[in-house]
Engineer: 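This is the structure I have questions about; it appears just below.
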Amino acid sequence: MAKVKVFRCRICGDPYIGTGAPTQCPFCGARQQYFVEAKDWNPDEFKVTLSDMARNNLRAALQLELDNATFYDCAKNAAEKADDEYSLAKFKALMKVEREHASAILKFLKISQPELEKLPTCSANSQTNTQEGWKRENRAIKAYAKFRDKAIESRLKEFFGALVEIETDHLDLHAENLRQMRV
Ligand SMILES: [Fe+2]
Ligand SMILES: [Fe+2]
């Protein structure tokens with residue numbers, strides 16, 4: 001068996017121990033290409049001089065992530081009440097990933113977590129929540145694609161590009177579940 005090593009994800013910064021980098025970051029969902037060995041980690045990854053536009057776009061992304069994380073928390077609790085183990089697992093994983101995105105954004109902004117002005121609600125029904133999750137991921141993908149294309153900081157272009165890939169994985173997951181529910 002190959003020896004384990006320490007890796008770090010360049011999108012969320014979290015460390016991972018394994019014989020190789022994972023196909024998806026277990027914390028933020030970023031794809032394998034964003035992992036580096038911990039010994040090669042650049043401590044300035046989150047030290048980016050932000051333009052006003054970058055700051056505004058990161059703040060908008062933060063609101064989206066916090067809102068989506070709170071929605072998935074609600075959806076997870078609803079699935080738990082309904083004894084729907086699959087939806088419980090899915091919504092819990094999504095809640096954790098979206099929280100991780102919010103904390104990565106906070107590292108760029110160098111601020112502490114703001115309170116949400118209005119807490120999102122969810123349905124008691126996991127199919128309805130899956131539909132709502134699809135809409136939320138779609139909204140996030142559109143916003144992040146715009147932020148990626150407009151960013152003048154190469155690091156933020158990369159960061160928003162990685163978020164587009166991750167949220168697209170979530171969108172595909174919801175779409176696949178909705179297809180199965182219709183059968
Ligand atoms: Fe990550
Ligand atoms: Fe996210």
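Whatever order the structure lists them in is the order used to number ligands and atoms, beginning at 1. Residue numbers run from 1 in the order of the sequence given.
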Engineer: State whether cysteine residues C74 and C122 meet the disulfide criterion of an SG-SG distance below 2.5 Å.
Structural biologist: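 Between C122 and C74 there is a disulfide, given that their SG atoms are under 2.5 Å apart.
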Engineer: Which protein N, O or S atoms does the Fe ion (ligand 2) have within a distance shorter than 2.8 Å?
Structural biologist: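 Checking every protein N, O and S atom gives E65 OE1, E65 OE2, E98 OE1, H101 ND1, E167 OE2.
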Engineer: May I have the angle between C9 SG and C12 SG with its vertex at the Fe ion (ligand 1), rounded to 10°?
Structural biologist: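 The two atoms subtend 110° at the Fe ion (ligand 1).
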Engineer: Any idea how F46 and F108 line up, ring-wise: parallel (<30°), tilted (30 to 60°), or perpendicular (>60°)?
Structural biologist: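 It falls in the tilted class, 30° to 60°.
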Engineer: Please give me the minimum heavy-atom distance between A54 and L156, naming the atom from each residue.
Structural biologist: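 So the two residues come closest at CB-CD1, 3.4 Å.
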Engineer: Do the ring planes of F91 and F71 sit parallel (below 30°), tilted (30 to 60°) or perpendicular (above 60°)?
Structural biologist: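 Taking F71 first and then F91, their aromatic rings stand perpendicular (interplane angle over 60°).
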Engineer: How about Q33: does its CD atom have over 12 heavy atoms from other parts shown lying under 6.0 Å from it?
Structural biologist: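 Above 12, so yes.
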Engineer: About how many Å separate NZ of K3 and OG1 of T19, when rounded to the nearest 0.5 Å?
Structural biologist: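 Output value for this atom pair is 12.5 Å.
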